[in-house]
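Since the structure comes first, as structure tokens, the remarks are kept for the end.
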Amino acid sequence: MSLKKYRSDIDQIDQKLLELLNSRADIAQKIGREKSRADMPVVNQKREQDILHRMVGLNPGPLKDRDIIDIYKQIIAACREIQN
């Protein structure tokens with residue numbers, strides 16, 4: 001496969017990732033509203049640790065588990081931020 005084709009494939013994947021990340025953020029906003037109504041704190045350390053553990057368990061590679069953790073910590077932080 002050519003470099004041009006690989007880059008095109010990455011561009012398509014990036015577009016899908018962006019759509020999925022924004023869908024996740026939309027749901028996080030809804031969760032934030034529910035937490036606010038229920039007078040619950042935004043941060044739920046157990047839930048966040050469960051997500052990280054689950055994603056590492058699902059990781060088939062080639063990304064290292066540490067990379068998955070770092071990526072998901074950023075995703076969780078961004079979604080937490082829009083829950084305020």
Side-chain angles (χ1 to χ4, degrees):
M1 197 180 293
S2 71
L3 184 59
K4 184 177 180 178
K5 174 65 174 135
Y6 287 135
R7 287 181 173 163
S8 175
D9 290 348
I10 283 180
D11 289 345
Q12 290 175 7
I13 291 167
D14 285 344
Q15 182 177 348
K16 290 176 187 174
L17 283 171
L18 184 58
E19 291 169 9
L20 291 170
L21 287 168
N22 278 302
S23 292
R24 189 187 197 286
D26 182 55
I27 293 168
Q29 283 182 317
K30 292 173 184 173
I31 289 170
R33 287 191 291 272
E34 291 296 321
K35 286 179 177 180
S36 179
R37 280 193 273 273
D39 199 30
M40 295 172 62
V42 170
V43 177
N44 181 335
Q45 291 293 334
K46 169 128 177 39
R47 171 69 178 150
E48 293 178 12
Q49 287 302 311
D50 289 347
I51 291 168
L52 297 175
H53 182 73
R54 182 170 53 87
M55 297 315 297
V56 165
L58 292 171
N59 181 28
L63 287 174
K64 295 176 183 165
D65 289 347
R66 180 77 243 162
D67 296 327
I68 296 299
I69 290 168
D70 290 345
I71 290 166
Y72 269 87
K73 281 185 175 182
Q74 288 293 341
I75 292 170
I76 290 167
C79 289
R80 184 187 319 126
E81 192 66 30
I82 62 174
Q83 285 185 9
N84 292 321

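Side chains included, hydrogens not; waters and symmetry mates left out as well; all remaining heavy atoms used.
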Backbone N/O of K4 and side chain of S8: donor-acceptor pair under 3.5 Å: no
L21 reachable from I68 in the ILVMFWY side-chain graph, under 4.5 Å edges: yes
Hydrophobic cluster identity match, I71 and I51, side-chain contacts under 4.5 Å: yes
Side-chain (N22) to main-chain (L18) donor-acceptor, under 3.5 angstrom: yes
Could you list the donor-acceptor pairs under 3.5 angstrom formed by side chains in residues 52-61, with sequence neighbours left out?
from, atom 1, to, atom 2, distance (Å)
N59, OD1, G61, N, 3.0
N59, ND2, L63, O, 2.8
N59, ND2, D65, OD1, 3.0

Flag, side chain of K35 to backbone of V42, donor-acceptor distance under 3.5 Å: yes
ILVMFWY network linking I31 to I76, side-chain heavy atoms under 4.5 angstrom: no
Contact list for residues 67-79, test side-chain hydrogen bond (donor to acceptor under 3.5 Å, both in side chains), sequence neighbours left out: R66-D70
Heavy-atom side-chain proximity of Q49 to K46 below 4.5 angstrom: no
Q29 CD to I27 CD1 distance, which is reported to the nearest 0.5 Å: 11.0 Å
Euclidean distance, R47 CZ relative to R80 CZ, rounded to 0.5 Å: 13.0 Å
For K16, all residues meeting side chain to side chain contact (heavy atoms under 4.5 Å, CB included), sequence neighbours excluded: none
Heavy-atom closest pair, residues C79 and R24: SG-NH1, 3.3 Å
